[in-house]
Amino acid sequence: MPHEPRLAAALRHLVHGRRTAALATLLQDAARTAAPQASFVPFAMDAAQGCFVLHVSARAAHTRQMQAHAAVALLIAAPEEAGQPVHALERVGIEGEARLLEPGSPAWASARDAYLARFPEAEFMTTLGDFRFVAIDPLAGRHIAGFGAARDVSRQELLALMGT
């Protein structure tokens, strides 16, 4: 196995070790100017498509917002530990573009397989008519590995960590 730099290994461990992320979307309506909104979502990774996968209700505000504006961000963070400073929590912010997948399409089937590999207990939810699979295509990221250890992460590095 080739050598993996310490920060790349830490990022891989973080992303593969967490199953939830904060999702940032953009709300823009006639009543006000654009405003960011955040929600909490389970995520999987589809290495075949090179994307993060969300399974969301069509009734959810973040789904409508992703339909209107593809620009999104995910924040994946290590859990807090009692007695440890929160300022050094490892985390990665990922800029991406959302694609709502057409039910029954090859991309939808690939996303469903990836999602159910991570969340087999959610299989019944994939049959509900108001839920959709969304692919988040990563563009770039910012990895904070601890206090004073921050770095930019390329799309290529994000895609590579999905396959491991």
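Only heavy atoms go into these numbers, but all of them, side chains included; no hydrogens, no water, no symmetry mates. All figures in this text were calculated on a predicted structure; none of them were measured in a lab.
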Chemist: Side-chain contact test, heavy atoms from C-beta onward, threshold under 4.5 Å: evaluate it for I94 versus F52 and give yes or no.
Modeler: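 A side-chain contact exists here, since the closest heavy-atom pair is under 4.5 Å.
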Chemist: Applying a strict under-4.5 Å side-chain criterion to I, L, V, M, F, W and Y, I'd like to know whether M162 and L23 cluster together.
Modeler: yes
Chemist: With a 4.5 Å cut-off on side-chain heavy atoms, are L161 and M45 touching?
Modeler: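 Yes, at least one pair of side-chain atoms sits under 4.5 Å.
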Chemist: What is the minimum heavy-atom distance between A145 and L7, and which atoms define it?
Modeler: CB-CD2, 3.4 Å
Chemist: For A117, check side chain to side chain contact (heavy atoms under 4.5 Å, CB included) against everything at least two apart and list the hits.
Modeler: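 Partners of A117 by the side chain to side chain contact (heavy atoms under 4.5 Å, CB included) criterion come out as none, since no residue qualifies.
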Chemist: What pairs of residues pass the salt bridge (Lys or Arg N to Asp or Glu O under 4.0 Å) test when at least one of them lies in residues 148-163, not counting sequence neighbours?
Modeler: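 Salt bridge (Lys or Arg N to Asp or Glu O under 4.0 Å) check on residues 148-163 returns R142-D152, R151-E157.
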Chemist: By the rule that ILVMFWY residues connect when side-chain heavy atoms come within less than 4.5 angstrom, directly or transitively, which residues belong alongside Y115?
Modeler: V53, L101, W108, F119, F133
Chemist: In chain order, what residues pass the side chain to side chain contact (heavy atoms under 4.5 Å, CB included) check against H13, with sequence neighbours excluded?
Modeler: none
Chemist: For residues 74-83, run the donor-acceptor check on the side chains, cut-off 3.5 Å, and write out each pair with its distance to 0.1 Å, sequence neighbours left out.
Modeler:
none

Chemist: Give a yes or no on whether I144 and L14 share a hydrophobic cluster (residues Ile, Leu, Val, Met, Phe, Trp, Tyr; joining criterion: side-chain heavy atoms under 4.5 Å apart).
Modeler: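 Each belongs to a different hydrophobic cluster.
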Chemist: Kindly give the heavy-atom pair with the smallest separation between T20 and F40, and that separation in Å.
Modeler: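 Closest approach of T20 to F40: OG1-CZ, 3.2 Å.
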Chemist: What salt bridge (Lys or Arg N to Asp or Glu O under 4.0 Å) pairs are there with at least one residue in residues 45-68, not counting sequence neighbours?
Modeler: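 Residue pairs passing salt bridge (Lys or Arg N to Asp or Glu O under 4.0 Å), neighbours aside: R59-D130.
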Chemist: Under the side chain to side chain donor-acceptor pair (under 3.5 Å) test, which residues partner R132, sequence neighbours left out?
Modeler: none
Chemist: Listed by chain and number, what are the side chain to side chain donor-acceptor pair (under 3.5 Å) partners of T126, not counting sequence neighbours?
Modeler: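 With sequence neighbours excluded, T126 shows a side chain to side chain donor-acceptor pair (under 3.5 Å) to R112, given in chain and number order.
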Chemist: Can you tell if the side chain of R19 reaches within under 4.5 Å of the side chain of P42, non-hydrogen atoms only?
Modeler: no
Chemist: Residues two or more places apart in sequence or in another chain: which of them pass side chain to side chain donor-acceptor pair (under 3.5 Å) with S39?
Modeler: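 So S39 forms a side chain to side chain donor-acceptor pair (under 3.5 Å) with H62.
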Chemist: State, to 0.1 Å, how close R118 and G17 come at their nearest heavy-atom pair, and which atoms those are.
Modeler: NH2-N, 4.4 Å
Chemist: Should side-chain heavy atoms under 4.5 Å link Ile, Leu, Val, Met, Phe, Trp and Tyr, which residues sit in the same cluster as L89?
Modeler: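 ILVMFWY cluster around L89 also holds V86.
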Chemist: Any idea which heavy atoms bring P138 and G50 closest together, and the distance?
Modeler: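 Answer, listing the atom of P138 first, then G50: CD-O, 3.3 Å.
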Chemist: Could you give all pairs that pass the salt bridge (Lys or Arg N to Asp or Glu O under 4.0 Å) test and reach residues 83-107, with sequence neighbours left out?
Modeler: R99-D137
Chemist: Quick one, L54 and I136 - any side-chain contact, counting heavy atoms below 4.5 Å?
Modeler: yes
Chemist: Say you draw a straight line from CD of Q37 to OG1 of T25; how long is it, rounded to the nearest 0.5 Å?
Modeler: 5.5 Å
Chemist: Among all residues two or more places apart in sequence or in another chain, which pass the side chain to side chain contact (heavy atoms under 4.5 Å, CB included) test with L100?
Modeler: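 With neighbours one apart ignored, the set is T63, M66, Q67, V134.
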